[in-house]
J.: 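The following block contains the structure, expressed as structure tokens.
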Amino acid sequence: MSAAPAAFLASEAVERHFPRASLLIPSLEAALANFSSGAEGGVVQPVRTVVPVQKYNGFLGVMPAYSAMDDALTTKLVTFYEHKKDSSVPSHQAIVLLFDPRNGSLKAIMDGSIITAKRTAAVSAIATKFLMPADAEVLCILGAGVQAYSHYEVFIEQFSFKEVRIWNRTKENAVKFARSVMGPVQVCSSAQEAVIGADVIVTVTMATMPILFGEWLKPGAHINAIGASRPDWRELDDEVMKNSVLYVDSREAALNESGDVILSRAEIFAELGEVVKGTKPALPEKTTVFKSLGMAIEDTVAAKLVYDSWSAGN
């Protein structure tokens, strides 16, 4: 007898069943702590495999993970391309496959773009909760793509900023962002204008060379660095990297994948999961960087929550 056909959850279904931050964030915190606990944490996650598509300046990433605590097994297939001419195509496209860990059967195929965007922003919010200065008032977002929207959404829900600024290389996209979100956003004419005086900075760009410079930073600022996910790409200059306390989602991934870390030779202080566990301190009084590369276990947790919600309604 053949297994039941896998469910297909298109983007609309994923959006409808995506967990609230109040459920997602604690689940991700637990997963981060388990990941940083090694074998006893029950998380198995190799560094992603990346296949370059050199002819078209693109990449295919394969990201499998298993969580014993969540009883979940997934792999994500994600493509990322720098679309210089066709901006109608997203730079990142993804699909998540959810398996039954008991027998290996495929339970669901899900559009992964929403999962990627929202779980990334939620992890940034976790880092920000621990690392931002106590009196943080100004949020700065560099970039105006999908990740800018997801970060804005969760950051406005989780924190109380008095001012939000945005900058993007294409100013029209920054203006469009400011007009489409709930709440006032100041569009800045330069990255420097956006960054100076900001307490929390989110870099969500397709930059391959630094766009954030240490001389602009307010002492004690916290940076969530999301872009530059290749070993030869940068968003942050050496001054930012070497004069900040550096936190990462995965040491192994950062040392293999992050141009900001590899090329600056900055020392990694801790994984975010170690901070969640309490085995490494958060240092919000210092200038801090959280270098996020995105982990498969984050997709696993989010996809399982989406699937459980969808199943409960079907």
Side-chain angles (χ1 to χ4, degrees), residues 82 120 123-124 126-145 147-148 151 155 161 163-169 174 186 188-272 274-275 280-294:
E82 186 177 3
T120 303
V123 172
S124 294
I126 294 168
T128 301
K129 178 180 72 172
F130 285 102
L131 300 174
M132 73 176 181
D135 57 351
E137 295 183 345
V138 179
L139 170 65
C140 162
I141 301 174
L142 303 182
Q147 286 286 359
H151 276 75
F155 274 49
F161 294 106
E163 181 182 347
V164 180
R165 306 170 185 168
I166 189 164
W167 169 84
N168 191 67
R169 288 188 193 276
Q186 177 187 343
C188 296
S189 58
S190 69
Q192 182 176 1
E193 178 189 345
V195 168
I196 288 179
D199 300 296
V200 175
I201 301 156
V202 179
T203 60
V204 281
T205 73
M206 288 293 288
T208 58
M209 300 290 288
I211 47 89
L212 176 60
F213 296 88
E215 63 186 288
W216 302 344
L217 288 179
K218 176 180 180 179
H222 170 63
I223 302 132
N224 296 295
I226 314 303
S229 57
R230 297 294 299 144
D232 55 345
W233 293 359
R234 300 287 300 266
E235 281 190 313
L236 317 181
D237 78 342
D238 283 355
E239 186 175 343
V240 174
M241 296 302 295
K242 292 184 176 180
N243 294 331
S244 304
V245 182
L246 176 59
Y247 298 81
V248 298
D249 43 15
S250 161
R251 278 189 179 84
E252 184 181 14
L255 292 172
N256 281 278
E257 299 178 357
S258 170
D260 284 321
V261 175
I262 295 166
L263 299 177
S264 69
R265 299 182 180 178
E267 181 180 351
I268 296 171
F269 178 72
E271 290 181 341
L272 182 56
E274 294 175 304
V275 177
K280 285 290 184 73
L283 299 171
E285 71 278 7
K286 303 284 189 179
T287 304
T288 55
V289 170
F290 171 57
K291 178 57 203 174
S292 169
L293 286 158

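Because the structure is a prediction, the values reported are computed rather than measured.
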J.: Which heavy atom in Pro231 sits nearest to a heavy atom in Ile262, and how many Å separate them?
T.: CB-CD1, 3.9 Å
J.: Salt bridge (charged side-chain N to carboxylate O under 4.0 Å, His left out): which pairs involve residues 189-205, sequence neighbours left out?
T.: Asp199-Lys218
J.: Once you round to the nearest 0.5 Å, how far does OG1 of Thr208 lie from CG of Asp232?
T.: 8.0 Å
J.: Once you round to the nearest 0.5 Å, how far does OG of Ser258 lie from NZ of Lys291?
T.: 4.5 Å
J.: Applying ring-ring contact (aromatic ring centres under 6.0 Å, His included) as the test, list every pair that has at least one member in residues 198-217; sequence neighbours left out.
T.: Phe213-Trp216
J.: What's the shortest heavy-atom distance between Phe290 and Val248, and which atoms?
T.: CE1-C, 3.6 Å
J.: By the salt bridge (charged side-chain N to carboxylate O under 4.0 Å, His left out) test, which pairs, at least two apart or in different chains, include something from residues 245-257?
T.: Arg48-Glu257, Arg251-Glu274
J.: Scan residues 128-137 for pairs that pass side chain to side chain donor-acceptor pair (under 3.5 Å), counting only residues two or more places apart or in two chains.
T.: Glu29-Lys129, Thr128-Asn224, Glu137-Lys162
J.: Do Val195 and Ile201 touch side chain to side chain, with heavy atoms closer than 4.5 Å?
T.: yes
J.: For the side chain of Arg165 and the backbone of Ile196, is there at least one donor-acceptor N/O pair under 3.5 Å apart?
T.: yes
J.: Hey, could you give me the CE/CD1 distance between Met241 and Ile268, rounded to the nearest 0.5 Å?
T.: 8.0 Å
J.: Check step by step if side-chain contact (heavy atoms from CB on, under 4.5 Å) holds for Leu139 and Glu163.
T.: CA-CA 6 Å; Leu139 170 65; Glu163 181 182 347; over 6 Å; no
J.: Evaluate Ile166 against Gln186 for side-chain contact (heavy atoms from CB on, under 4.5 Å), listing each step before the verdict.
T.: CA-CA 6 Å; Ile166 189 164; Gln186 177 187 343; over 6 Å; no
J.: Roughly how far, to the nearest 0.5 Å, is the CD1 atom of Ile141 from the CG atom of Asn168?
T.: 11.0 Å
J.: Would you mind listing every side chain to side chain donor-acceptor pair (under 3.5 Å) that reaches into residues 236-246, with sequence neighbours excluded?
T.: Arg234-Asp238
J.: Can you tell me if NZ on Lys286 sees more than 12 non-hydrogen neighbours from other groups inside 6.0 Å?
T.: no
J.: Would you check if Ile226 and Ser124 make a side-chain contact, meaning some heavy-atom pair closer than 4.5 Å?
T.: yes
J.: If you look at every heavy atom in Ala194 and Ala198, which pair is closest and at what distance?
T.: O-CB, 4.0 Å
J.: Once rounded to the nearest 0.5 Å, what's the spacing between atom CD of Glu235 and atom CD1 of Ile211?
T.: 5.0 Å
J.: Which atom pair, heavy atoms only, marks the closest approach of Gly143 to Ala148?
T.: O-CB, 3.3 Å
J.: Verify side-chain contact (heavy atoms from CB on, under 4.5 Å) between Leu236 and Val289, making sure each step is shown before the conclusion.
T.: CA-CA 10 Å; Leu236 317 181; Val289 170; 3.9 Å; yes
J.: Which heavy atom of Ala228 sits nearest a heavy atom of Asp260, and at what distance?
T.: CB-OD2, 3.9 Å
J.: State, yes or no, whether a side-chain contact exists between Leu283 and Leu131 at a heavy-atom distance under 4.5 Å.
T.: no
J.: Identify the heavy atoms of Ala270 and Val275 that sit nearest to each other, and give their distance.
T.: CB-CG2, 4.5 Å
J.: State the CG-CG distance between Leu217 and Leu212, to the nearest 0.5 angstrom.
T.: 5.0 Å
J.: For residues 230-250, which residue pairs qualify under ring-ring contact (aromatic ring centres under 6.0 Å, His included), counting only residues two or more places apart or in two chains?
T.: Phe59-Trp233, Tyr247-Phe269
